[in-house]
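Chain letters run A, B, ... following the sequence lines, proteins first and then strands; every chain starts at 1.
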Amino acid sequence: MTVATRMSRYFLKTLREAPAEAELPSHRLLLRAGLVSPLAAGLYSFTPLGWRAMRKVEELVREEMNLAGAQELRLPALQPLEIWDRSGRSEIFGGVLLRLRDRRERDFVLAPTHEEAISTLAAAQVQSYRDLPVTLYQFQQKFRDEPRPRGGLIRLREFCMKDAYSFDPDWETLDESYQAMFDAYGRIFARAEVPAVPVEADSGAIGGKDSQEFIFLNENGEDEVLLCSACGYAANAEKAVFRADPPVEGEPAPVERVDTPGVTTIAALARFLGLEERQTAKAVFYSADGEPVFVTIRGDLEVNDTKLRNLLKAVELEPMDDAAVARHGLVAGSASPVGLEGMRVVADVSATEAPNLVGGANEPDAHLLNLNYGRDWTAAIVDDIALAESGHGCPHCDGRLEARSGMELGHVFKLGSMYAEAFDIRYLDGEGERRHAVMGCYGIGVDRLLAAVLEANHDEDGIIWPRTLAPFDVHVVVLGGEQPEVAEALGELEAALEAAGLEALVDDRDESPGAKFKDADLLGMPVRLTVSPRALGRGGIELRIRDGGDNEIVPLPEVVERIGAGDG
RNA sequence: CGGGGUGUAGCUCAGCCAGGUAGAGUGCUUCGUUCGGGACGAAGAGGUCCCCGGUUCAAAUCCGGGCACCCCGACCA
């Protein structure tokens with residue numbers, strides 16, 4: 001049985017103005033509607049109303065996980081550092097991993113994710129092919145020592161994640177488990193009324209192969225994705241491939257040195273020589289886990305740090321600092337791999353396929369014309385390390401890519417057997433052969449999803465909750481509550497709502513009508529019912545749909561039916 | 001970790017440049033009037049002016065150091 005919640009007794013404060021620190025719409029609404037309250041950077045308390053909203057989001061995700069055949073369980077947030085050393089990720093996560101010690105000086109972490117814990121569990125339980133496939137999930141607080149928490153619930157240091165892990169006997173059945181999760185994610189975001197698109201993604205520190213992110217396209221997002229409107233290609237900028245402009249063709253010509261006084265940038269070089277930027281070779285210096293790396297790429301393109309990092313299998317990749325540049329005798333602004341010794345050279349394919357590029361002479365104020373790969377310079381590694389940008393050609397069709405910012409709400413990927421090997425998750429197959437399980441993992445940030453729901457569903461007056469996620473089904477505004485006929489009607493209304501299983505927030509406060517209506521708009525329940533002498537005089541209860549309906553008088557006995565009919 | 005900004009009442013902010021009794025709006029309490037889109041009047045409560053140190057007869061204000069929060073970047077399953 002539900003009991004109507006009285007606002008006069010409810011632990012809730014709305015704010016007329018949002019605190020100055022909030023800039024994003026979701027952040028402002030969370031604070032103004034009193035759903036959360038800050039404790040420290042990246043840490044928020046949820047009020048009863050905010051917690052109801054979180055529970056609704058969680059329940060929606062739980063429903064779809066269960067429908068997809070996943071089984072809910074619970075793993076510890078506090079974990080021994082040992083399992084992180086075992087997977088090698090204590091190093092990969094680095095400073096993001098929150099470490100602590102117990103009273104016996106043993107090392108622990110507050111887990112940022114749960115592959116290690118689930119793998120330990122699976123290793124103990126999975127024995128036979130009859131135990132597979134299985135998909136397990138949980139809702140759990142994750143802890144990350146983020147360098148910069150931001151945007152309210154967008155990037156937190158402690159947050160709730162739904163993380164699921166699938167265990168399959170082989171890659172073929174993993175495809176099915178993966179697809180089931182992928183489909184469930186599509187339904188979750190559709191029901192949450194958040195338009196999220198799947199894009200190809202980098203699998204990052206967690207490792208693995210195929211990986212897709214569900215991105216909510218939103219200008220406040222911190223991820224960049226590239227989209228092709230012609231064929232539907234969509235990828236995270238970290239991962240995106242593209243069709244570069246073709247090189248300027250020509251027969252290899254002899255190398256020629258030219259004086260280029262004061263020319264240190266690609267733009268200036270092209271202008272100085274009257275060439276296009278794609279006729280130049282750009283040099284970029286990196287330090288990969290301390291090792292110097294010389295990177296060269298065609299002048300009109302930029303280096304994709306993520307692709308480079310993955311290619312080098314580096315944990316830490318950063319631009320080489322000035323001291324190291326000098327130490328290695330590099331001439332910034334006039335560097336090229338010609339005659340370079342003492343460090344690894346990595347080249348983007350663009351620089352190796354184009355003939356007669358202009359590159360640095362490795363001395364100030366001079367460049368070399370007509371450099372050709374193989375003849376004048378070589379590289380230890382040649383691969384695609386170019387960054388896709390708006391306007392580049394789509395890799396799959398004649399279209400052009402468009403860059404958009406977005407928020408990563410969910411991530412699904414095929415891990416393979418790396419954790420199964422590290423934690424020894426093996427099963428006996430039908431032929432009596434012992435084999436490693438093949439894993440997938442699937443995450444959704446619940447707090448961030450809540451923020452996205454608000455980003456996607458609000459107007460200038462406040463929140464417009466999707467029906468499935470509204471903390472309450474109905475917001476009842478009581479005016480003139482001290483009058484007997486109003487009190488009587490309210491009692492009947494509450495009884496009817498309760499009998500129908502509808503949860504109601506009843507504004508019985510001693511406030512002016514205007515203040516109550518403003519708060520109702522701000523809090524944003526899908527249906528507002530006004531019980532007042534005026535409405536009763538017109539024959540019933542006033543009904544208003546939050547998402548843009550007109551006011552309408554509905555006879556009291558019909559109210560529940562009207563709400564159930566699903567207006568709005 | 002680099003760059004920028006902000007710390008004064010629960011919230012939004014003024015006061016700081018030019019040192020001298022700590023302010024406004026809103027919110028909160030009480031009383032009265034009001035009662036359909038953040039009503040009106042009156043009275044009231046509410047402050048470590050982020051912290052520490054310095055200069056000065058005197059510091060919210062000037063100087064030095066620190067901390068916190070926000071934004072951009074770096075970083076980030």
Report summary line: For B:rA68, the nucleotide meeting Watson-Crick or G-U wobble distances (both under 3.5 Å) is B:rU6
Report summary line: The nucleotide from B:rA74, B:rC70, B:rG38 with an atom nearest the side chain of A:Glu21 is B:rC70
Query raised in the report: Are A:Glu17 and A:Leu15 close enough that some pair of their side-chain heavy atoms sits under 4.5 Å apart?
Result: no
Query raised in the report: For B:rG73, which nucleotide is its Watson-Crick or G-U wobble mate, given both distances must be under 3.5 Å?
Result: B:rC1
Query raised in the report: Is there a Watson-Crick or G-U wobble partner for B:rA39 with both distances under 3.5 Å, and if so, which one is it?
Result: B:rU33
Query raised in the report: Rounding to a whole Å, what distance do you find between A:Glu23:CD and B:rC69:P?
Result: 16 Å
Query raised in the report: Base, sugar-phosphate alone, or nothing: which one does A:Ala18 contact when heavy atoms must sit under 4.0 Å apart?
Result: sugar-phosphate
Requested in this report: Would you please confirm or rule out a distance under 4.0 Å between OP1 or OP2 of B:rC11 and any side-chain N or O of A:Arg32?
Outcome: no
Query raised in the report: What nucleic acid atoms does A:Arg309 come within less than 4.0 Å of, heavy atoms only: base, sugar-phosphate, or nothing?
Result: sugar-phosphate
Query raised in the report: Is B:rG44 paired to anything, Watson-Crick or G-U wobble with both distances less than 3.5 Å, and if yes, which nucleotide?
Result: B:rC28
Query raised in the report: Are any non-hydrogen side-chain atoms of A:Asp305 and A:Tyr286 less than 4.5 angstrom apart?
Result: yes
**Report entry** C1' spacing across the pair B:rG65 / B:rG47, given as an integer number of angstrom
**Finding:** 25 Å
Requested in this report: May I ask you to say what A:Gly152 touches in the nucleic acid, namely base, sugar-phosphate or nothing, with a heavy-atom cut-off under 4.0 Å?
Outcome: nothing
Query raised in the report: So, does the side chain of A:Arg509 form a donor-acceptor pair with the base of B:rG38 at under 3.5 Å?
Result: no
Query raised in the report: Toward the 5' end of RNA chain B, which comes first, A:Phe159 or A:Arg150, by nearest nucleotide?
Result: A:Arg150
Query - Identity of whatever pairs with B:rC57 - Watson-Crick or G-U, under 3.5 angstrom - result: B:rG20
**Report entry** B:rC49 pairs with, by Watson-Crick or G-U criteria that keep both distances under 3.5 Å
**Finding:** none
Query raised in the report: Base, sugar-phosphate alone, or nothing: which one does A:Pro38 contact when heavy atoms must sit under 4.0 Å apart?
Result: nothing
**Report entry** Among B:rC71, B:rG38, B:rC35, the nucleotide that comes nearest once only the side chain of A:Pro513 is considered
**Finding:** B:rC35
Query raised in the report: NA contact type, A:Asp519, heavy-atom cut-off 4.0 Å: base, sugar-phosphate, or nothing?
Result: base
Query - Which nucleotide in B:rG38, B:rU12, B:rG73 has an atom nearest any side-chain atom of A:Glu17 - result: B:rU12
**Report entry** Distance below 4.0 Å between A:Arg16 side-chain N/O and B:rG10 OP1 or OP2
**Finding:** no
Query raised in the report: Base, sugar-phosphate, or nothing: which does A:Pro19 touch, judged by heavy atoms less than 4.0 Å apart?
Result: sugar-phosphate
Report task. Can you check each nucleotide of nucleotides 43-48 of chain B against protein heavy atoms at under 4.0 Å and return B for base, S for sugar-phosphate only, - for none, in 5' to 3' order? Result -> ------
